[in-house]
Every structure is written in C-alpha cells, then in structure tokens.
Engineer: 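Dropping the structure in here first, questions after.
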Amino acid sequence: MIVPLQTAPVPAPHAPARRVVLVTGLSGAGRSSAMRALEDAGYEAVDNLPLTLLASLVLSEPGTDLRPVAIGVDTRTRDFGVDALTGAIDRLVAEPALDVRLLYLDCDDDQLARRFTETRRRHPLAADRPLLDGIKAERRLLEPLRARADRVIDTTGLAPHQLKRFVQDDFALDAPAGLALSVVSFAYRNGLPREADLVFDVRFLANPHYRPDLKPLTGKDADVAQFVARDPGFQAFFDGLSDMIAALLPRFEAEGKSYLTVAIGCTGGRHRSVFVAERLSARLAQGGRRVALVHRDLDRSFA
C-alpha cells in the first residue's frame, strides 16, 4: 500500500526541479552497476527503498537537501508491486518540484541465466522453480514497467564500462535540455539491440573482413574507414541517413521523447557498423546534440 504523497513545497520562480531517477528492471540486468554509475555522476544513491518511503525521500521541505537522487527498485524491494510503483511514479511526475525519470534495464534470458549461474546467486522468483522459469516470470511481471520507462537499456553483451557510459551520458546533470541520442554499433549475429528505436543495416557495404590486411582492424582504424568510404554506395547512403535522422529529431522532441537510440548493424559488428556509427555520431554532434556512442560487439572475439 502506498501512503498518500505529501504536498510538495512550491518551488521559487525558475527554481530547478529536483532530478529523481528510478532504476528498475530484470534481476541480473545490471541495476547495481547503473546505480553506481549514477552515484559517480553526482546522484545520491538509495537502493531497495520500501515504496512506502518513496514520497518522504524525494519530497523535501524548503531549505533541505535537494541533491539529485537515484533510487533502485525491483522485485526484491519490500512491498514491491508493479501497480503500486506505477501509481507512485505517476504521482511523482505530477509534482512540479520534481523531474522524474524511470530507467529500465533489460537483458536476454540466456545472458541472465549465465550471470546467475556464474555468480551462484539465487533468482528472486526461482526459489521453487527452474532458473529460466523464474526469469521468464519476472519478465512478464515487469513488462508494464518496461512499457512505462523513459529509458530502456539492454545490457546483453554490454561490458560494465559500456553500461556506465550509457547511464552517465543519458542522465548527466550538466547535460543541455533536449533529446539525448545514443548511437550503437552491433553485430547481427549477436542479435538486435532491444533498446533501439531506429535500426539500419549496413551489410550492403563492401566488407573489410575479406581483406587479410584489414580483418584484424576495426572501423575505428583509418585504413578500414577509407576502405568502406570508397564503396560507391556509401556517401549517398550516409548523406540520406544523416538528413533523415536530422529531420526526425524535432518531431520526436515534439512528441515528448527524451531518449533516442539509433542502431547500426553489420555481420560481425567490428568494421562497417563501427565506421558508420562513428561517422554518424560525429555528424549529429556537429549540430550541438549530445550523443553517446557505444560499440556493443567491438570487444567480442571474432572468427
């Protein structure tokens, strides 16, 4: 049961709203890592706060500490309930003194199972059932929160430093207002990034993988970049892609979207997608946009 929210103090004219990031998602998907990243970015981090105490923590009296706060909530939280949490979020969002964001961490079932097996941790919903059954039950339970989230990050295949960069870029306290962009390169053989809003396939471009001198390199190397850029179809494609995304951004902002992830994929996620993602993020940043760039599969082994 959620206690009624106390009335928030009316902020002074032009007073900044207190930033509140609620961090939730699947068990084992990286919530603890995300909380540490937010703490390093300047947030006060509070994990597993009972929902009945949520209002009293974030709605402070005038003159008290108004530091930004990150709050971790998941199925292990005392008095957790999806409907209860969703209702509490809606009430907080309505408070003019607060700027509330919901971050949801996702991951594929096989990766989650490997993480629990390797760490020998017990899944909170698998005490009396097989591990994968518990993971799938939690996914079904939390689906309304995923749909409600302002930002979804799929941690499948992400190294801890990559997740940290995503989180800190998306929730930076000194970031300018406007749509936060993420550009992600990926390998189709490792699956689509589930957090992607727009996905573009660059497997039609000339493949450096089949050049023995280029195969060990990546799309960040000048020789690979020159090879891909010389493809007769590259420049027209890239100009069209850049123009289309630039035209879409104001429309997404008008719809109230806060985060946009553009995914660029090739077969192995090391050459073509990396080069195009590097070039695209630089082009978008030229317009003053804040852009996070992550190469999801660059550090994975390849054949």
Side-chain angles (χ1 to χ4, degrees), residues 30 37 106-108 111 151-170 179-246 248-249 259-287 289-303:
D106 202 351
C107 187
D108 71 30
Q111 181 68 51
R151 179 72 164 108
V152 176
I153 298 179
D154 183 356
T155 66
T156 306
L158 286 185
H161 72 275
Q162 293 175 316
L163 174 58
K164 181 176 182 177
R165 181 172 180 181
F166 261 134
V167 171
Q168 292 188 339
D169 283 339
D170 286 344
L179 192 67
L181 296 173
S182 297
V183 178
V184 182
S185 70
F186 72 95
Y188 271 96
R189 67 186 181 189
N190 294 327
L192 294 173
R194 278 187 299 224
E195 76 276 16
D197 299 292
L198 302 172
V199 179
F200 299 95
D201 185 347
V202 297
R203 287 177 291 185
F204 68 90
L205 295 172
N207 193 351
H209 177 81
Y210 297 108
R211 280 269 303 267
D213 58 324
L214 300 180
K215 180 178 177 180
L217 304 178
T218 76
K220 300 174 74 171
D221 292 302
D223 289 345
V224 171
Q226 292 171 10
F227 178 87
V228 177
R230 284 198 299 266
D231 185 304
F234 169 74
Q235 197 59 52
F237 159 74
F238 182 77
D239 289 342
L241 174 64
S242 302
D243 291 344
M244 180 184 69
I245 293 177
L248 289 175
L249 295 182
Y259 308 95
L260 183 75
T261 299
V262 180
I264 310 293
C266 66
T267 304
R270 289 182 53 84
H271 296 114
R272 295 167 290 181
S273 62
V274 170
F275 167 67
V276 174
E278 289 271 341
R279 183 72 65 89
L280 179 62
S281 64
R283 174 73 66 86
L284 294 173
Q286 287 176 357
R289 298 275 181 179
R290 52 189 172 116
V291 184
L293 173 63
V294 172
H295 300 301
R296 190 191 73 177
D297 298 317
L298 184 59
D299 295 330
R300 292 194 181 191
S301 60
F302 65 100

Engineer: If you compare all heavy atoms of Ala180 against all heavy atoms of Asp170, which two are closest, and at what distance to 0.1 Å?
Structural biologist: CB-OD1, 4.3 Å

Engineer: State which residues pass side chain to side chain contact (heavy atoms under 4.5 Å, CB included) with Ser281; sequence neighbours excluded, sorted by chain then number.
Structural biologist: Val183, Val291, Leu293

Engineer: Taking Asp221 for the side chain and Val224 for the main chain, is one N or O donor matched with an acceptor at less than 3.5 Å?
Structural biologist: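 Side chain of Asp221 to backbone of Val224, a donor-acceptor pair under 3.5 Å: no, none is there.
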
Engineer: Is a donor from one side chain sitting under 3.5 angstrom from an acceptor on the other, for Gln162 and His295?
Structural biologist: no

Engineer: For the pair His271 (side chain) and Lys215 (backbone), establish whether a donor and an acceptor sit closer than 3.5 Å, ignoring hydrogens and angles.
Structural biologist: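 Between the backbone of Lys215 and the side chain of His271 there is a qualifying donor-acceptor contact (under 3.5 Å).
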
Engineer: If we ignore hydrogens and angles and just use 3.5 Å, is the side chain of Asp231 paired with the main-chain N or O of Ala206 as donor and acceptor?
Structural biologist: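 Confirmed, Asp231 side chain pairs with Ala206 backbone.
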
Engineer: Ignoring hydrogens and geometry, is there a side-chain-to-backbone donor-acceptor pair from Thr155 to Asp106 under 3.5 Å?
Structural biologist: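 Yes: the side chain of Thr155 pairs with the backbone of Asp106.
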
Engineer: Do Asn190 side-chain atoms and Ala187 backbone N/O form a donor-acceptor pair below 3.5 Å?
Structural biologist: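 Not confirmed, Asn190 side chain does not pair with Ala187 backbone.
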
Engineer: At their closest point, which heavy atom of Arg290 faces which heavy atom of Leu179, and how far apart are they?
Structural biologist: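 So the minimum-distance heavy-atom pair works out to CG-O, 4.3 Å.
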
Engineer: Just say parallel, tilted or perpendicular for the rings of Phe234 and Phe275, cut-offs at 30° and 60°.
Structural biologist: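 Phe234 and Phe275: tilted rings.
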
Engineer: Sequence neighbours excluded and cut-off under 3.5 Å, please list the side-chain donor-acceptor pairs for residues 195-203, or say none.
Structural biologist:
from	atom 1	to	atom 2	distance (Å)
Asp197	OD1	Lys257	NZ	3.3
Asp197	OD2	Thr261	N	2.8
Asp201	OD1	Arg203	N	2.9
Asp201	OD1	Arg203	NE	3.0
Asp201	OD2	Arg203	NE	3.1
Asp201	OD2	Arg203	NH2	2.7

Engineer: Could you check whether Asp239 pairs with Arg283 (Lys NZ or Arg NE/NH1/NH2 to Asp/Glu carboxylate O, under 4.0 Å)?
Structural biologist: yes

Engineer: Within 45 degrees of the axis of the six-membered ring of Phe227 and under 6.0 Å from its centre: does Arg272 put its NZ or CZ there?
Structural biologist: no

